Amino acid sequence: KTELSLLYSFDRQIPCFKYSCSADARKADLIGSKTITNEDKVKIVCGMITKAVLAGNKYGKALLILDEGNALIPKVQILLQGLTDGTGFIDLPEGKLKINKGVKFNVVITMNDQYSGTNPLNKPIRNRFAYIEMDRLKTETKMQIFQKYNVSNEVKEKLCKLDDKLDNAQKSHKISDEESLSVRSMKAILEQIEEFEFLEMPNAIQTALETQLITKFSDTEDRQEIQTIIDEIF
């Protein structure tokens with residue numbers, strides 16, 4: 001989802017600003033805050049939204065990507081309402097910042113539904129966006145993404161199979177949705193396998209799966225179930 005948005009901005013030469021959202025994000029992280037310089041002067045440090053609006057006003061276009069936007073808590077989500085309606089403004093510590101007339105300012109919110117630690121987007125924000133549902137990547141596509149890793153195709157195919165099995169297990173509630181085997185996670189696993197095999201470490205695959213997947217689940221039963229699935233595949 002994020003890569004598609006980045007490709008869109010690159011293809012159309014649009015200044016792009018990406019912010020990785022979390023439940024810990026504060027309004028100040030997104031719009032900015034006051035700080036004191038070494039000369040004891042008050043200075044405004046711009047947040048990512050403010051930077052995007054300023055760039056849009058300067059260049060006539062900008063793209064703001066809020067990665068995993070549904071991780072934002074409701075009181076922070078409210079920031080997006082003025083930004084994404086006809087008024088096109090954000091409230092700053094010192095007044096308002098408005099998107100200039102004629103500026104093409106796009107906001108993309110990427111998210112995974114029903115993951116732990118997420119919050120439903122409030123109704124006013126949902127009404128301001130068009131929704132695009134992304135299908136799970138096919139094995140053929142994932143194998144193309146994994147070409148650069150010096151790991152056997154057999155291991156890569158098994159990792160894709162593990163991804164499908166874990167997805168089904170989470171949909172049937174056999175394991176929690178505390179974590180997921182995303183493409184990002186799979187790339188991290190392949191990187192570790194590549195490194196461990198280069199160092200001739202024993203059990204390179206199992207160790208990589210433990211550090212990059214299994215131990216990210218806090219529940220013991222989840223870990224046991226995942227290990228059982230791994231043993232069936234590998």
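Everything quoted here is computed from the prediction, not taken from an experiment.
- Residues Leu181 and Leu159 come closest through the heavy atom pair CD2-O, 4.2 Å.
- Judged by distance alone, the side chain of Glu210 and the main-chain N or O of Thr215 form no donor-acceptor pair under 3.5 Å.
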* **side chain to side chain donor-acceptor pair (under 3.5 Å) between Gln206 and Gln227, intermediate numbers included** => CA-CA 9 Å; Gln206 176 62 36; Gln227 184 61 63; 2.7 Å; yes
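- Between atom CD1 of residue Ile193 and atom OG1 of residue Thr207 there is a gap of 9.5 Å, rounded to the nearest 0.5 Å.
- The cluster map of Ile, Leu, Val, Met, Phe, Trp and Tyr, joined by side-chain heavy atoms under 4.5 Å apart, puts Leu6 and Leu66 in different clusters.
- Annotation: side chain to side chain donor-acceptor pair (under 3.5 Å) contacts involving residues 73-82, sequence neighbours excluded, comprise Gln81-Asn122.
- Atoms OG1 and CZ, on Thr228 and Arg223 in that order, are 14.0 Å from each other to the nearest 0.5 Å.
- Nearest heavy-atom pair, Ser22 versus Leu72, reported as atom, atom and distance to 0.1 Å: O-CD2, 4.0 Å.
- Between Lys142 and Asp163, at least one side-chain N (NZ, or NE/NH1/NH2) sits under 4.0 Å from a carboxylate O, which counts as a salt bridge.
- With Glu178 contributing its side chain and Phe217 its backbone, the two residues share no donor-acceptor pair below 3.5 Å.
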* To do: Any chance you could lay out the side-chain contact (heavy atoms from CB on, under 4.5 Å) test for Ile99 and Phe89, step after step, and finish with the verdict?
  => CA-CA 6 Å; Ile99 300 172; Phe89 73 89; over 6 Å; no
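- The shortest heavy-atom contact between Thr84 and Phe129 is CG2-CZ, 3.9 Å.
- Checked options Val45, Leu30, Leu92; the residue passing with Thr50 is Leu92 (criterion: side-chain contact (heavy atoms from CB on, under 4.5 Å)).
- With values rounded to the nearest 0.5 angstrom, Asn153 atom CG is found 4.0 Å from Met143 atom CE.
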* Any chance you could lay out the side-chain contact (heavy atoms from CB on, under 4.5 Å) test for Leu64 and Asn106, step after step, and finish with the verdict? => CA-CA 6 Å; Leu64 172 66; Asn106 295 117; over 6 Å; no
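- The main-chain N or O of Arg26 is found under 3.5 Å from a side-chain atom of Asp29 such that the two form a donor-acceptor pair.
- Put simply, the side chain of Lys156 gets close to the backbone of Phe146: a donor and an acceptor are under 3.5 Å apart.
- No path of Ile, Leu, Val, Met, Phe, Trp and Tyr side chains, each step under 4.5 Å between heavy atoms, connects Tyr19 with Ile78, placing them in separate hydrophobic clusters.
- Both Ile189 and Leu137 are members of a single hydrophobic cluster when ILVMFWY side chains are connected at heavy-atom separations under 4.5 Å.
- Transitive grouping of hydrophobic side chains (ILVMFWY, heavy atoms separated by less than 4.5 Å) keeps Ile65 and Met111 in distinct clusters.
- Counting non-hydrogen atoms of neighbouring residues, nucleotides and ligands closer than 6.0 angstrom, the CZ atom of Phe10 reaches no more than 12 such neighbours.
- Electrostatic pairing of Glu191 and Lys187 does not count as a salt bridge here, judged by no charged N lying under 4.0 Å from a carboxylate O.
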* Evaluate the criterion side-chain contact (heavy atoms from CB on, under 4.5 Å) for residue pair Ile109 and Asn70; output intermediate values, then yes/no. => CA-CA 8 Å; Ile109 297 178; Asn70 57 338; 6.0 Å; no
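- Side-chain atoms of Lys96 and Ile90, non-hydrogen and from C-beta on, never get closer than 4.5 Å to each other.
- Heavy-atom minimum distance, Ala25 versus Val76: O-CG2, 3.5 Å.
- Residues Thr2 and Ser5 have side chains that never bring a donor and an acceptor to within less than 3.5 angstrom of each other.
- Between the side chains of Lys18 and Ser20, at least one donor-acceptor pair of N or O atoms lies under 3.5 Å.
- Looking at Lys1 and Asp67, no side-chain N of the basic residue comes within less than 4.0 Å of a carboxylate O on the acidic one, giving no salt bridge.
- Between atom CD1 of residue Ile233 and atom CG of residue Leu162 there is a gap of 4.5 Å, rounded to the nearest 0.5 Å.
- Tracing side-chain contacts under 4.5 Å through hydrophobic residues (I, L, V, M, F, W, Y), one never reaches Tyr131 starting from Val108; they form parts of separate clusters.
- Glu225 contributes no side-chain N or O that, together with a main-chain N or O of Ile175, makes up a donor-acceptor pair within less than 3.5 Å.
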If you look only at distance, which donor and acceptor atoms sit under 3.5 Å apart when one is on a side chain in residues 53-63 and the other is two or more places apart or in another chain?
{"residue": "Asn57", "atom": "OD1", "partner": "Asn100", "partner atom": "N", "Å": "2.8"}
{"residue": "Asn57", "atom": "ND2", "partner": "Lys98", "partner atom": "O", "Å": "3.1"}
{"residue": "Lys61", "atom": "NZ", "partner": "Arg12", "partner atom": "O", "Å": "3.3"}
{"residue": "Lys61", "atom": "NZ", "partner": "Gln13", "partner atom": "O", "Å": "3.3"}

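- Glu157 contributes no side-chain N or O that, together with a main-chain N or O of Thr139, makes up a donor-acceptor pair within less than 3.5 Å.
- To the nearest 0.5 Å, the span separating SG on Cys21 from CD1 on Ile73 amounts to 11.5 Å.
- Leu97 CG to Asp91 CG: the interatomic distance, rounded to the nearest 0.5 Å, is 10.0 Å.
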* To do: For side chain to side chain donor-acceptor pair (under 3.5 Å), just list the numbers for Thr211 and Gln192, CA-CA rounded to whole Å, side-chain angles, deciding distance to a tenth of an Å, and then say yes or no.
  => CA-CA 9 Å; Thr211 58; Gln192 277 217 326; 2.6 Å; yes
* Asked: Should Ile49 and Leu80 be marked as a side-chain contact (heavy atoms from CB on, under 4.5 Å) after you check the CA-CA gap, both sets of side-chain angles, and the distance that decides it?
  -> CA-CA 9 Å; Ile49 290 179; Leu80 306 178; 4.0 Å; yes
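- Counting heavy atoms of neighbouring residues, nucleotides and ligands inside a 6.0 Å radius, atom CG of Asn150 does not exceed 12 of them.
- With hydrogens and angles disregarded, no donor-acceptor distance shorter than 3.5 Å links the side chain of Ser9 to the backbone of Cys16.
- When all heavy atoms are compared, the tightest approach of Glu197 to Ala204 is CG-CB, 3.9 Å.
- Counted within 6.0 Å of NZ on Lys158, heavy atoms from surrounding residues, nucleotides or ligands total more than 12; the atom is thus considered enclosed.
- With hydrogens and angles ignored, the 3.5 Å screen pairs no side-chain donor or acceptor of Thr87 with any backbone N or O of Leu83.
- Within the 4.5 Å cutoff, the side chain of Lys123 has heavy atoms near those of the Asn127 side chain.
- Taking a 4.5 Å side-chain heavy-atom cut-off between Ile, Leu, Val, Met, Phe, Trp and Tyr, the cluster of Ile132 extends to Leu4, Met134.
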